[in-house]
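For clarity, every value in this text was computed on a predicted model and none was experimentally measured. Hydrogens, waters and symmetry mates are skipped; everything else that's a heavy atom, side chains included, is used. Per chain, numbering begins at 1; letters A, B, ... match sequence-line order.
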Protein chains: 6
Amino acid sequence: MHIRVIVPILANAWGDDRGQMYCAAARAGTEVSIVGVDWGPASIETYRDEALAVPDILNKIVAAEEEGVDAVILNCMADPGLFAARELVCIPVVGPAQASMHLAAMLGHRFSVVTIFDQDVPSVEDLVARYGLSKRLASVRGINIPVLDLHDNPERTLQAVVGAAERAVREDGAHVIVPGCTGLGGLAPRIQAGLEERGCLVPVLDPPSVAVKTAEMLVDLGQSHSKRTFPNPPIKKIRWPVPAAFGQAQEG
Amino acid sequence: MHIRVIVPILANAWGDDRGQMYCAAARAGTEVSIVGVDWGPASIETYRDEALAVPDILNKIVAAEEEGVDAVILNCMADPGLFAARELVCIPVVGPAQASMHLAAMLGHRFSVVTIFDQDVPSVEDLVARYGLSKRLASVRGINIPVLDLHDNPERTLQAVVGAAERAVREDGAHVIVPGCTGLGGLAPRIQAGLEERGCLVPVLDPPSVAVKTAEMLVDLGQSHSKRTFPNPPIKKIRWPVPAAFGQAQEG
Amino acid sequence: MHIRVIVPILANAWGDDRGQMYCAAARAGTEVSIVGVDWGPASIETYRDEALAVPDILNKIVAAEEEGVDAVILNCMADPGLFAARELVCIPVVGPAQASMHLAAMLGHRFSVVTIFDQDVPSVEDLVARYGLSKRLASVRGINIPVLDLHDNPERTLQAVVGAAERAVREDGAHVIVPGCTGLGGLAPRIQAGLEERGCLVPVLDPPSVAVKTAEMLVDLGQSHSKRTFPNPPIKKIRWPVPAAFGQAQEG
Amino acid sequence: MHIRVIVPILANAWGDDRGQMYCAAARAGTEVSIVGVDWGPASIETYRDEALAVPDILNKIVAAEEEGVDAVILNCMADPGLFAARELVCIPVVGPAQASMHLAAMLGHRFSVVTIFDQDVPSVEDLVARYGLSKRLASVRGINIPVLDLHDNPERTLQAVVGAAERAVREDGAHVIVPGCTGLGGLAPRIQAGLEERGCLVPVLDPPSVAVKTAEMLVDLGQSHSKRTFPNPPIKKIRWPVPAAFGQAQEG
Amino acid sequence: MHIRVIVPILANAWGDDRGQMYCAAARAGTEVSIVGVDWGPASIETYRDEALAVPDILNKIVAAEEEGVDAVILNCMADPGLFAARELVCIPVVGPAQASMHLAAMLGHRFSVVTIFDQDVPSVEDLVARYGLSKRLASVRGINIPVLDLHDNPERTLQAVVGAAERAVREDGAHVIVPGCTGLGGLAPRIQAGLEERGCLVPVLDPPSVAVKTAEMLVDLGQSHSKRTFPNPPIKKIRWPVPAAFGQAQEG
Amino acid sequence: MHIRVIVPILANAWGDDRGQMYCAAARAGTEVSIVGVDWGPASIETYRDEALAVPDILNKIVAAEEEGVDAVILNCMADPGLFAARELVCIPVVGPAQASMHLAAMLGHRFSVVTIFDQDVPSVEDLVARYGLSKRLASVRGINIPVLDLHDNPERTLQAVVGAAERAVREDGAHVIVPGCTGLGGLAPRIQAGLEERGCLVPVLDPPSVAVKTAEMLVDLGQSHSKRTFPNPPIKKIRWPVPAAFGQAQEG
């Protein structure tokens, strides 16, 4: 099985080993390949960033299917372009937010998302609502450290997440924690351990790992998204500044 | 007052007089200017199309504010890029879908959207949900005529809309009708008359007109969207194939 | 255009210049006339008060349409008799609560209502629910100053509203503020400025102004409420202690 | 125990024996007294009618408490003035709609209301929503016979109700039926029998009987509505064309 | 009228006089008989406990109907086996939680449940949701005293309930209180008095009493649960370690 | 990895090869063991059946953990005893309904459940609501063939499912199908093929397979349900007719 991870932000120092956490989560026999985007923002923290990331994500999605990849994962907790991507291909496209939130809803009464900024609350709440899970959401809490600074002081980042998660458990009734940024990928065991030390043992999911497992599940099952929900777009004229197929023979 | 209408699709034969309906809706003293996009699709019918339209919409939004425009209208019932656009500017950005659906909810118990394709039901329902109006939605019904064919046979288009609207009233309990494509702009009075002939007199809103009135209202009130919901994006590295500011000094 | 404002409470010292704020909000060419009620309470703070205000409101609504008025505004944030009034006439009847709450929902993720008494929370929440906007409501907070005392110490009133609004923003996640009493009409700019001083800049709507703009919008659009939702009442025997038409040839 | 039934419509031929069904439902030892209103409409079929019925209902509510009555029932399925009435007194005020809908929700998965007119759907749905029971509502169906004609041809009325109820069961998934007008009071056993003949045996509640039993329950329990929800209105100036206390020393 | 109360836990010291509170709530002429279970747990505090209580409850339900009992009450606020029990009989089966929560929803804007443990919040919230009343729930608060210790120090128990109820009123907006364990049965008047002393007068329901009154109401009305929701189970092979009919001729 | 499947019904002719579909779904290296119950019903079609199946399920759950099993699957689409089971153990307990419904919600806009009887609609809707997925449910449709007859005429069963699923797609807007009985396990590919022949190609999930994949995912992730939602029950006296630990040292 070949899973393609699309990293929807520009390459940077700490992004180069991003693929490691996906490879580590894959089971023996699953090949994981990592592909970046050529155009877009350095990080995805706003609707603007997401909008600029999506077009080249779509190119990379189409390329993945053409290359015979079995499933694609979008490496961002905004699940940027998830619905558009599914229109363009038949292979499974997995958003780590969607996959993690559904799994969190299965494991406990309510889950909280610990995200980057307090000001992300509306967009995360909207994403949870889009997935139909609002009733299972306890809260969204920010750590207020920019994405590109997360790795500057890993211990500070970890403590910020543990602190926000503890408040989510004690004050908001969270029974499961979902880290709200793939930049926090791989930290889940340490967050969970930190919570346990504070007397708040709850499952802390690692969205990149959940995404890999969900992709493996879908390939194993031979299933993918419904084409009733995500029908193939009609061929039409598209003008774009650089060659880009966007799922059709290009015009323009 | 100067209102800028951004037409988020490539120019075409019938699009050239698109500006007329916006000018007609504006009151005396309101200047309406129409701007197209340089890159993107010929029509917006899918998530893919919407994703490709948004980047250049954002450029045009930023330019509008820089030019001193008082408010911007997105000429598409997907309200493409509405939330991202609001991050980038302080002037009101009006989506005709959002404005029309809220007005419809004020005027009657439930409203229906008559949209292009039956397969648009999920995306329209998701949009209504995002605006918090799901409880006031009676139904979404498609006429199954592609956007670019709407003007080939205007009478056929009109009859299709009236027929779908009648079923929405009789079978789904719609008390107000919202045409779900700005390509149907200006038809509202004839749709309403057609419904009246069939014994189903209900208000049929004209989303472009509602958008102009909402823009005028916001400028009159000196109000705009909340920056708590739509904060300015941080400056960050963005790489793009052609020069584009996207609301910040460009890099990359 | 002629807009009629119905002041649904008995005349009093500070009510006599009530019309000013409506006139100020109207655009050039819009005539605003103010009409009081002959019977009813001195202020509307409870369901009892609302119930006693409505009958004469209905008389004044019918009279307004007969006089050729283009739209009517009910000057109270309980929107007293809004649905009954719409049964009796075809011209638009605008409730400042309904109009403001829908606009607030358009401008930000969630809005809070700053109302008169803490004990009004149930009735305001019920009104928001009736309009289908519960999901967009952050909170309802009272200032606990009786309506008739609001103007005794305007500065105290202002500070009470700003304080309640600040808590709504900081503690409840409000992104837009709706003052919950037309007795606070005209204060919105000062409330917004007060919030900005406290680091909580969010839009603060002025419901009387929003009502005027919404009335102008509806008249401009040639639209009104749906008669499927608000059908004309059948003629029937009505006995009333003083002559009153209530939308029909009187009996009894 | 003394239960007062307030008939909120003008007396008429068939209304004179209205009290019978309430007396029949009361248990031994419960006194039932029937009081009409002096002012208001001949029947309650619209928001206008309801608004005109409420003021004198409030007078009769206050008088009932002053007379030492133990509980009051409003004889109308709009529960007209229920919330205002509860502000004015401490004794239980029972709305047959509220009581019946909650009981229906206890007895089965979903209930339907068979009401007078199809055009009542919005107001009945709003009432159900106000009581928090929307999720348990299967449908609202009208029989389209005016209230004052219900008794002209009792068999036709019965067949219309049975027919609408059967469709509610078969097409809408209703498991319990609530007749939506007290003018149908006493018919429940025959409606239920009619449904059983058609293979649709479900409970059909008799709202007047349910209201009596609920009033008895509350008096037995020594409980009434919460004054946190329905606080006593403040004393204020009220002007009214005829003497009326409305729960306070009259002025004006 | 003969009402059977099934005590779904093993007999114990303080349980022996459990029947008293049911008898006290019954009106003259209502016979109340109390029956325990032969198998199951000593108290019901978890899903495990509930699961082990239900099988013998079902036996006792079937026996009650065979003995000619008119209605059955399950003496536990988990309403254990309520839906299964209703499948097996036609006589009313009353759950004190369902009956009390619906009555609470009738009496005020929102109610809170004061339950045994904080960790019961998910199960109580799920029960409220199952009854369709989530919108009327203010909060669930635990007193954190095990069921079997409730009577060790009655004053401590009372103060714990009053304290939790006061927080529910002041912090969560509760307007009615529902004690969440029948082990608190009979305390309601003292809880209400305690709240009144603290300036928080709200109705505090006594679920066992409400259950008796609801059972009496249903028998008086000649009504019971809908067999469309709770159809009779088909006869099938059931193997059980001791003789047990479970509503059918036993096999196996 | 060792996954234990608990078949919660009495052994029967066609149940003996039930394990096959679970083994077939497991990946290489996953051991699947099947265990039946000693006590309970021959099939689970009602709340009564479910209640009688759960006690011995709990014994088998506890035994599985004691034996060192890595995860447990309940082989029934009622997920019988899922919440009680999770209280008793720390290893993942997977309900095929919960796992399949969440996966269905990820793959399309709305899903339908094709279940055994039309009369199961309430219980399936309640299960979907409990999992927080009501907004993603298109419909529940029955095939009205008893569980124990499903295998009498496999082709008839298949055609009944395909027919109900087609109506779910065409009439109810289902975009994904979830067979609502594990007795239909393994049929999913043929149901999907049947739908495709009728022009309704949508994903049809196989709940047993989804359950296996979900169990594998959880074991791979080292995650399980939250003990905040499913805390260990306290040790207490339990009396049971045969030796049974129910997660504690037995008494009584």
Best-contacting candidate, [options], against chain F by heavy atom pairs under 4.5 angstrom:
options                              : answer
A:Met106, A:Met101, A:Gln98          : A:Met106
A:Leu221, A:Val93, A:Val94, A:Thr229 : A:Thr229
A:Ala25, A:Gly108, A:Gly222          : A:Gly108
A:Arg136, A:Arg228, A:Arg27          : A:Arg228

Interchain contact, [X] with chain F, by part (heavy-atom threshold 4.5 Å):
X        : answer
A:Gln223 : side chain
A:Val212 : neither
A:Leu103 : side chain
A:Ser224 : backbone

task: Go through the atoms of F:Phe230 and report whether side chain, backbone, both or neither lie under 4.5 Å from a heavy atom of chain A.
output: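 For F:Phe230, side-chain heavy atoms alone lie under 4.5 Å from chain A.
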query: Once the angle between the rings of A:His102 and A:Tyr131 is folded into 0 to 90°, is it parallel (under 30°), tilted (30 to 60°) or perpendicular (over 60°)?
result: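 Rings of A:His102 and A:Tyr131: tilted, 30 to 60°.
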task: If the plane angle is over 60° it's perpendicular, under 30° parallel, otherwise tilted; pick one for A:His175 and A:His109.
output: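 If you compare the ring of A:His175 with that of A:His109, the planes turn out tilted.
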message: Can you tell me if F:Lys227 has over 12 outside heavy atoms packed within less than 6.0 Å of its NZ?
response: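 Above 12, so yes.
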- request: Flag the pair F:Arg4 and F:Glu31 as a salt bridge only when some basic side-chain nitrogen lies within less than 4.0 angstrom of an acidic carboxylate oxygen.
  value: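 Not counted as a salt bridge, because no side-chain N and carboxylate O are separated by less than 4.0 Å.
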task: Using a strict cut-off of less than 4.0 Å between a Lys/Arg side-chain nitrogen and an Asp/Glu carboxylate oxygen, indicate whether F:Arg141 and F:Asp172 qualify as a salt bridge.
output: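 Yes.
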message: Checking side-chain polar atoms at under 3.5 Å, does F:Gln192 have a donor or acceptor matched by the opposite partner on F:Glu196?
response: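 F:Glu196 and F:Gln192 do not have a side-chain donor-acceptor pair below 3.5 Å.
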- request: Would you give the length of the straight line joining atom CD of A:Glu125 to atom CZ of A:Arg130, rounded to the nearest 0.5 angstrom?
  value: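 Rounded to the nearest 0.5 Å, the CD-CZ separation comes to 15.5 Å.
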